[in-house]
Amino acid sequence: MKILKKIIEPTIEIIFKDYNLEFHDYKNLIQIPRDTDVCDLCIPCFSLSKILKKSPIQIAEEIASKAKKIIGEDISISSINGYVNFYSDPKWLIKKIILEKYEFFEDDPKSKILIEHTSANPNGPFHVGRARNAILGDALVRLNRDYGNSVQAEYYVDDMGKQVGILAWAIENLTKEEIEKALQREGIEELNPMWKNKEDHVRVRWYQAANILRKDNLKIESELNEMINKSEEGDTEVLNQFYNAFQPILDGMLETLSKLGIKYDSFTNESQFIIDGSVSKIMEELKSSELYGVAENGAKYLELESKGVSGKSTKFFYQRGDGSSLYATRDLAYHKWKWTKSDKLINVLGEDHRLQSKQVSIALNELKIKSPEVIFYAFIKLPEGKMSTRKGNVVFMDDLIYEAEELALEILSQRKMGIEKSQAMNIAKSVASSAIRFNILKVSPEKGFTFKWEDALSFDADSAPFIMYSHARSCSIKKKVDNLEYIENNIDLNNIELNDSISKLLRTIMRYEDSIEKSVKENKPNHFCSYMLELSAAYNAFYRDCTIINENEVNNLFFKVSEYSRKIINRGCTALGIIPLDSM
RNA sequence: GGGCGCAUAGUGUAGUGGAUAUCACGCUGGCCUUCUAAGCCGGCAACCGGGGUUCGAAUCCCCGUGUGCCCGCCA
């Protein structure tokens, strides 16, 4: 819609000047209507009514008639119910978008962004709940890249402290028999043979067992504490031991994510900030904060009551009595470091981190460091309650992907008899990963939902396969046309009648930029998901009404529009992490 | 006890001040001799309750109800 706005804005500026209105203040009145069938852009005149002392209806009429004189016939302008409506002529759209090859986001300022997402403790395989973080984060990375921003996708590896310590201790001290006995006692299911060679599934059992055994065992607890303390001091031997324990798990986790098309540009270890001394420096600097306080045993904190934090405890501890740092302290050092890498920071966090994030934000403020943008997402529950890796009450992402692939294969075998096996597998994999991603992305992040196999495996109209199918149709047309002796000739727009379907498709394409921009600015991939469904539906209607190949004759204009749509759908799929297949 | 999120057809969801509240599942009636029916066209059905602000509220404010998360010198 930017292309249309560019035409309208100067005109409206002139008209507003006649009313003695400062255009800058009222620029935002030009907006996309909620119902995009009504028009492309509109100006609601209700707020002008008071200032101009006229009825909105009268104002809309005046603006419309003035604008008509300036803008001409490419855009039809009308006034209804106090709105000025702008509706672009489809032929003008063809000329501007298709024939003159309009480039998206050409004039927008671009920035350098670091998006930190997932950062899950490397102690076990991804379950569906933890994966929401990765899927959301990766979509933000892709959307920002589509917009033109330069993005670094970052995974913060928790390579020290309790979680990893427990794992490392278990692997060092427990035999397979011991852990299986402990797990059986607690009723944790046996390892699925399908994942018996995937280390995240194998080693998580040591982690779970250690959590059971240490409950009433002081000896284990003291051994553990010793290791954890050493790791927090930056002891390289212990950190190495930790690394050896968790890295195979992390590799397994990343393998799962790569099945979903999720990759990172950089991994940063938490211990780095202990080793390079930046954590100590932060702790030193915080002493000069007005919020600084010391507990009886020498532990240090910031008192956050005056900053709007309330509850049982308003103290934000950043240093223990023994002088060691805490997770949050390291997070402060980490943020300081991140700002050296980019102009904008985005973190993706679960809603359980809301308070923590606020505390970190205030502390950063005290250190004169900017806060990051944070996108919070609610948890995915199971019908029987919260998912927990420790308790083994989870749906593994690996299982979900497997089930989705099987279902896709089954549907494919019904639809396409005699399809080659490797090709079928490739399609099934793409459908499965795209559908799983989309089913999570289409829901607004702050909304919690209950996992249901039926919904997660939905390949129906409100899903990625719907979009992929439109894309495959456009590819199929391209293939057919390529096989014909097709001669591209000039299109004479004067002698063509255009129907509603093609017009709607073009107008939907025109909103691509607005939709990406909104998703990027508000960090809400679900906006763009809705848009892609709309775009695909618009293409399907065009496909129905505008026959491109008729008895080996190619309709030049329709083919050009189809090709343009194909590229846009393809681009939009990539921006969401949906795999745009040529055939399915 | 306190804080923070969320509440829209039977179900799941879109929509953060404006035009007849979106889309899908579901239920229901139609469309394959025409470029892939994972598709298309039609029908049914909803803003948690109560106040307030506003020319105008699903949207903003207050109270209530329900629900989730958090309030560790854990990560």
Side-chain angles (χ1 to χ4, degrees), chain A residues 31 33-36 38-39 42 44-47 49-50 55-56 80-83 85 121 123 158 160-165 228 270 295 297-301 308-315 317-322 324 326-328 330-331 350-356 358 376 378-379 381 386 408 411-412 414-416 431 435 442-444 446-450 452 454-455 458-470 472-481 522 526-527 529-530 533-534 536-537 540-541 543-551 554-555 558-559 562 583-584:
Chain A
Q31 53 194 238
R34 204 163 48 200
D35 181 355
T36 50
V38 176
C39 59
C42 66
C45 298
F46 307 96
S47 59
S49 175
K50 224 176 212 174
S55 79
I80 310 156
N81 302 331
Y83 289 83
N85 289 345
N121 282 325
N123 57 5
D158 195 349
M160 52 184 290
K162 201 180 255 177
Q163 308 286 324
V164 188
I228 293 165
E270 192 180 333
N297 67 346
K300 300 186 170 83
Y301 62 86
V309 174
S310 54
K312 284 178 193 158
S313 169
T314 55
K315 290 177 174 51
F317 281 93
Y318 68 87
Q319 189 173 17
R320 293 199 188 95
D322 65 6
S324 63
L326 288 129
Y327 174 82
R330 288 162 232 146
D331 211 19
E351 62 177 348
D352 54 337
H353 282 69
R354 273 192 139 103
L355 175 61
Q356 158 95 10
K358 190 176 179 183
F376 294 104
F379 291 126
K381 291 174 299 183
K386 199 179 156 178
I411 293 172
L412 206 52
Q414 287 165 11
R415 295 182 62 239
K416 290 192 163 182
V431 166
K442 70 181 179 188
V443 181
S444 189
E446 71 276 6
K447 240 158 207 169
F449 64 89
T450 304
K452 286 179 199 125
E454 192 194 338
D455 296 342
S458 160
F459 298 164
D460 281 324
D462 213 3
S463 74
F466 175 84
I467 298 164
M468 297 163 80
Y469 189 70
S470 298
R473 277 177 153 176
S474 68
C475 288
S476 165
I477 286 172
K478 180 182 188 306
K479 212 186 285 169
K480 283 228 159 100
V481 172
E522 296 176 16
N526 61 304
H527 285 302
C529 288
S530 308
L533 290 172
E534 263 186 76
S536 305
N540 287 340
Y543 179 91
R544 179 194 64 221
D545 294 333
C546 302
T547 307
I548 294 162
I549 306 162
N550 199 3
E551 291 173 11
V554 178
N555 181 314
F558 290 170
F559 181 55
S562 176
S583 126
M584 62 185 279

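Each chain gets a letter, A, B and so on, in the order the sequences are listed, and its residues count up from 1.
- Applying the 90° criterion around 0 to the glycosidic angle, B:C23 comes out anti.
- If you take CZ of A:F459 and P of B:G39, they are 12 Å apart, rounded to a whole angstrom.
- Residue A:N526 places at least one side-chain N or O closer than 4.0 Å to OP1 or OP2 of B:A14.
- Between the P atoms of B:G49 and B:C73, the separation comes to 42 Å (whole Å).
- Following rounding to the nearest Å, A:R415 (CZ) and B:A37 (P) show an atom-to-atom distance of 8 Å.
- Checking A:N297 against A:R320 by side-chain atom types alone, no donor-acceptor pair falls below 3.5 Å.
- With the nearest nucleotide of RNA chain B identified for both A:C546 and A:V431, A:C546 has the one nearer the 5' end.
- Nucleic acid contact class of A:F466 (heavy atoms, under 4.0 Å, all strands): sugar-phosphate only.
- Between B:A57 and B:A21, the distance separating the two P atoms is 14 Å to the nearest Å.
- Using N1 to N3 plus N6-O4 or O6-N4 for Watson-Crick, or N1-O2 and O6-N3 for G-U wobble, each under 3.5 Å, B:U22 pairs with nothing.
- Using atom C1' as the reference point in both B:U22 and B:A9, the two lie 12 Å apart (nearest Å).
- Counting heavy-atom neighbours within 6.0 Å of A:Q414 CD, excluding the residue itself, gives a total above 12.
- Using a 4.5 Å heavy-atom cutoff, the side chains of A:E351 and A:E446 are not in contact.
- Across every strand in view, B:A58 sits unpaired, with no contact that passes the Watson-Crick or G-U test at under 3.5 angstrom.
- Between A:R544 atom CZ and B:G42 atom C1' the separation is 12 Å, expressed in whole Å.
- Listed pair A:R354 / B:G68 fails the phosphate criterion, with no side-chain N or O lying under 4.0 Å from OP1 or OP2.
- The shortest distance between side-chain heavy atoms of A:C42 and A:Q31 falls below 4.5 Å.
- Nucleotide B:G1 is matched to B:C71 when pairs are restricted to Watson-Crick or G-U wobble geometry with both distances under 3.5 angstrom.
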Query - Contact letters for nucleotides 69-75 of chain B, in which S counts primed atoms plus P, OP1 and OP2 and B counts the base, heavy atoms under 4.0 Å - result: SSBBBSB

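- Counting non-hydrogen atoms under 4.0 angstrom, A:K50 reaches the backbone sugars and phosphates but no base.
- In this structure a side-chain-to-backbone donor-acceptor pair under 3.5 Å is missing from A:S49 to A:C45.
- In this structure, A:Q31 places its CD atom 11 Å from P of B:U16, rounding to the nearest Å.
- Where A:S444 and A:S583 each meet RNA chain B at their nearest nucleotide, the meeting point lying more 5' is that of A:S444.
- In this entry the distance linking NZ of A:K480 with P of B:U34 reads 11 Å, nearest Å.
- B:C6 atom C1' lies 7 Å from atom NZ of A:K447, rounded to whole Å.
- Nucleotides B:G50 and B:C4 have their P atoms positioned 25 Å apart, rounded to a whole Å.
- Side-chain contact between A:F559 and A:I477: present, with at least one pair of heavy atoms (C-beta onward) separated by less than 4.5 Å.
- Annotation: side chain of A:N526 is not in contact with side chain of A:V443 (no heavy-atom distance under 4.5 Å).
- With C1' as the reference atom, B:C25 and B:U13 are 10 Å apart, rounded to whole Å.
- When side chains are defined from C-beta on, A:F379 counts as touching A:D352, because their heavy atoms get closer than 4.5 Å.
- Distances were taken from every side-chain heavy atom of A:E446 (C-beta onward) to each of B:U13, B:G5, B:G39; the shortest belongs to B:G5.
- Between A:K442 and B:U13 there is no side-chain N or O to OP1 or OP2 distance below 4.0 Å.
- Using Watson-Crick or G-U wobble geometry with both donor-acceptor distances under 3.5 Å, B:G39 finds its partner in B:C31.
- For the P atoms, the distance from B:C41 to B:U65 is 46 Å, rounded to whole Å.
- B:G17 and B:U53 have their C1' atoms separated by 11 Å, given to the nearest Å.
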Give me the distances for all protein-to-nucleotides 19-28 of chain B N/O pairs that come in under 3.5 Å?
| from | atom 1 | to | atom 2 | distance (Å) |
| --- | --- | --- | --- | --- |
| B:A19 | OP1 | A:R34 | NH2 | 3.3 |
| B:A19 | OP2 | A:R34 | NH2 | 2.6 |
| B:A19 | N6 | A:N85 | OD1 | 3.3 |
| B:A19 | N1 | A:N85 | OD1 | 3.0 |
| B:A19 | N1 | A:N85 | ND2 | 2.9 |

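- Using a 4.5 Å heavy-atom threshold, the side chains of A:K416 and A:S583 count as touching.
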Report task. Please step through side chain to side chain contact (heavy atoms under 4.5 Å, CB included) for the pair A:F449 and A:D455, ending with a clear verdict. Result -> CA-CA 11 Å; A:F449 64 89; A:D455 296 342; over 6 Å; no

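- The nucleotide B:C48 finds its pairing partner in B:G64, both defining distances of the Watson-Crick or G-U wobble pair being shorter than 3.5 Å.
- B:A45 sits 22 Å from B:C40 when the C1' atoms are compared, rounded to a whole Å.
- A:M468 comes within 4.0 angstrom of no nucleic acid atom, judged by non-hydrogen atoms across all strands.
- Residues A:S562 and A:K478 have side chains not in contact (no heavy-atom distance under 4.5 Å, counting atoms from C-beta outward).
- Looking at residues two or more places apart in sequence or on another chain, you find a side chain to side chain contact (heavy atoms under 4.5 Å, CB included) between A:D462 and A:K442, A:L533.
- Put simply, CD1 on A:I411 is 13 Å from C1' on B:A37, counting in whole angstrom units.
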